Amino acid sequence: MSQLYSPAAQAETLVKAALRVLNTADPFEKAKLGDALANQWLQGIITRPYDPSLHFNVPDRPARPSSVKLLSPTLMPKRGKAGSLKSRRAIVHSLAHTESWAIDLSWDIIARFGQQKKMPKEFFTDFVKVAQDEGRHFMLLSARLEELGSFYGALPGHDGLWDSAMATSKDLMARLAIEHCVHEARGLDVLPTTIARFRSGGDDKTAGLLETVVYPEEITHCAAGVKWFKYLYLRSRDPAPNQNSHACPENGDEEGETISPENDEGLIQKFHATVRTYFRGPLKPPFNEEARKAAGFDPKWYEPLAVKEPTPE
């Protein structure tokens with residue numbers, strides 16, 4: 001009997017499965033396991049998001065490979081602008097490293113917050129899909145890195161993304177705002193330039209991978225953050241005994257009310273307050289307005305955050 005259809009797989013909850021991924025150190029095994037577990041959930045083999053009678057401790061830090069040397073973000077060597085093979089290797093390595101951390105971030109949000117916040121099943125499905133995408137991106141970028149004559153772990157990386165994860169470990173709205181609506185959105189801002197630089201450097205294969213696979217899927221990851229931030233805001237404004245009574249569509253609730261910047265300034269104010277609490281300094285323009293709009297938020301969400309707050313006299 002295959003592992004996919006085994007009784008153990010049918011009995012496992014998604015939260016327990018997420019912990020298995022978080023506790024896997026090898027990044028390739030982590031990506032493969034995450035893909036298999038994601039398929040089990042999406043195919044209905046794993047059927048329960050969690051067991052209400054069980055509570056698991058989520059690790060403060062996931063298992064990570066010892067082969068990747070970690071440096072402070074301020075000490076990371078310059079990667080260049082993809083004009084040389086050395087620069088292209090450094091950029092692809094950095095992207096693969098980011099995707100490796102993104103796998104952990106996606107499974108962590110499931111394990112850490114799904115049961116705790118009694119989130120609907122659609123929340124789990126959305127972030128399973130994000131996790132699966134991040135694993136695929138990591139594998140594709142790592143394979144491309146080998147084609148360029150290098151490998152994942154050949155260069156140092158930093159764990160700044162996990163610093164943000166720990167800073168938001170007690171607040172799901174903060175996690176969504178910072179990781180998905182700030183960090184992932186920043187990726188949308190800079191990826192078109194990165195793609196153009198690879199093309200200018202004669203590396204159309206890496207440019208194509210980023211343009212046709214990574215970039216469009218990262219828009220959906222940012223959209224998941226926006227979507228569930230809106231959901232939690234709506235739920236906090238109108239709490240109901242039955243959490244499932246709150247719809248979680250892209251733009252509105254079950255009565256058709258649109259949760260948008262145009263008709264709910266409270267939502268925007270909540271986002272601004274959350275980012276200013278958990279993110280140091282202003283956001284950095286220029287912004288990719290087209291991609292951000294596709295992800296579900298317009299300039300009212302982020303442009304005011306590009307201005308440094310005045311300090312009280």
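Please read these numbers as outputs of a predicted model, since none were measured by experiment.
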Can you give me the closest heavy-atom contact between [X] and [Y], atom names plus distance?
{"X": "G296", "Y": "V226", "result": "O-CG1, 3.6 Å"}
{"X": "A31", "Y": "G135", "result": "CB-O, 4.0 Å"}
{"X": "I91", "Y": "A82", "result": "CD1-N, 3.7 Å"}
{"X": "L37", "Y": "A17", "result": "CD1-O, 3.4 Å"}
{"X": "A174", "Y": "T274", "result": "CA-CG2, 3.5 Å"}
{"X": "A90", "Y": "L155", "result": "CA-CD1, 3.6 Å"}

Under 4.5 Å between any side-chain heavy atoms of [X] and [Y], yes or no?
{"X": "Y215", "Y": "P192", "result": "yes"}
{"X": "L305", "Y": "P282", "result": "no"}
{"X": "M119", "Y": "Y231", "result": "yes"}
{"X": "F198", "Y": "L209", "result": "no"}
{"X": "I109", "Y": "L176", "result": "yes"}
{"X": "H158", "Y": "K69", "result": "no"}
{"X": "C181", "Y": "Y302", "result": "no"}
{"X": "T220", "Y": "D126", "result": "no"}

Spacing of [X] atom [atom1] and [Y] atom [atom2] [to the nearest 0.5 Å]:
{"X": "L22", "Y": "F56", "atom1": "CG", "atom2": "CZ", "answer": "13.0 Å"}
{"X": "H93", "Y": "S142", "atom1": "NE2", "atom2": "OG", "answer": "8.0 Å"}
{"X": "L33", "Y": "T24", "atom1": "CG", "atom2": "OG1", "answer": "5.0 Å"}
{"X": "K118", "Y": "F123", "atom1": "NZ", "atom2": "CZ", "answer": "14.0 Å"}
{"X": "N288", "Y": "C222", "atom1": "CG", "atom2": "SG", "answer": "10.0 Å"}
{"X": "L141", "Y": "L210", "atom1": "CG", "atom2": "CG", "answer": "6.5 Å"}

- prompt: Pick one: which of Y233, W301, F279 meets ring pair (Phe, Tyr, Trp, His ring centres under 6.0 Å) with F271?
  reply: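 Passing option: W301.
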
- prompt: Restricting to pairs with a member in residues 25-38, which pass side chain to side chain donor-acceptor pair (under 3.5 Å), not counting sequence neighbours?
  reply: K30-D104, D35-Q132

Would the distance check show the side chain of [X] and the main-chain N or O of [Y] forming a donor-acceptor pair, the cut-off being under 3.5 Å?
{"X": "S169", "Y": "M166", "value": "yes"}
{"X": "T168", "Y": "S164", "value": "yes"}
{"X": "H221", "Y": "A185", "value": "no"}
{"X": "S87", "Y": "R79", "value": "yes"}

task: Test W228 against E122 for side chain to side chain contact (heavy atoms under 4.5 Å, CB included), laying out the working first.
output: CA-CA 10 Å; W228 291 104; E122 188 177 341; 3.9 Å; yes

- request: Start with the C-alpha gap between R144 and R88, add the side-chain angles, then the distance that decides, and say whether side chain to side chain contact (heavy atoms under 4.5 Å, CB included) holds.
  value: CA-CA 10 Å; R144 182 62 188 141; R88 291 192 288 275; over 6 Å; no

Any pair with a residue in [range] that passes salt bridge (Lys or Arg N to Asp or Glu O under 4.0 Å), sequence neighbours left out, goes on the list, sorted by first then second residue, please.
{"range": "residues 166-186", "answer": "D108-R175"}
{"range": "residues 207-223", "answer": "R136-E217, R199-E211"}
{"range": "residues 279-296", "answer": "D189-R292"}

message: For residues L85 and F151: do they belong to one hydrophobic cluster (side chain heavy atoms under 4.5 Å, members Ile, Leu, Val, Met, Phe, Trp, Tyr)?
response: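 L85 does not cluster with F151.
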
- prompt: Would you say I219 and V190 are hydrophobically clustered, going by side-chain heavy atoms of ILVMFWY under 4.5 Å?
  reply: no

message: Walk me through whether W162 and L105 qualify under side chain to side chain contact (heavy atoms under 4.5 Å, CB included).
response: CA-CA 8 Å; W162 199 256; L105 286 165; 3.7 Å; yes

task: Kindly determine whether D264 and R237 satisfy salt bridge (charged side-chain N to carboxylate O under 4.0 Å, His left out), including the steps that lead there.
output: CA-CA 11 Å; D264 201 325; R237 191 181 64 176; 2.6 Å; yes

message: Would K129 and W41 count as a cation-pi pair here, with the cationic atom under 6.0 angstrom from the ring centre and within 45° of the axis?
response: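 No, K129 and W41 do not form such a contact.
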
- request: Could you tell me if the ring centre of F138 sits under 6.0 Å from that of F28?
  value: yes

Ring center gap for F127 and H180 short of 6.0 angstrom: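 Between H180 and F127, which both carry aromatic rings, the centre distance is below 6.0 Å.
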
message: I'd like to know if the side chain of Q116 pairs up with that of H55 as donor and acceptor (distance under 3.5 Å, no hydrogens or angles considered).
response: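 On atom types as modelled, these side chains do not qualify, holding no pair under 3.5 Å.
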
- prompt: Are side-chain N/O atoms of R89 and S150 paired as donor and acceptor at under 3.5 Å?
  reply: no

field: With W101 via side chain to side chain donor-acceptor pair (under 3.5 Å) - residues at least two apart
entry: H97

- request: Let me see the working for F124 and Y50 under side chain to side chain contact (heavy atoms under 4.5 Å, CB included), right down to the final yes or no.
  value: CA-CA 10 Å; F124 293 91; Y50 57 86; 3.8 Å; yes

message: Could you check whether R48 pairs with E12 (Lys NZ or Arg NE/NH1/NH2 to Asp/Glu carboxylate O, under 4.0 Å)?
response: no

query: Among all residues two or more places apart in sequence or in another chain, which pass the ring pair (Phe, Tyr, Trp, His ring centres under 6.0 Å) test with F113?
result: none

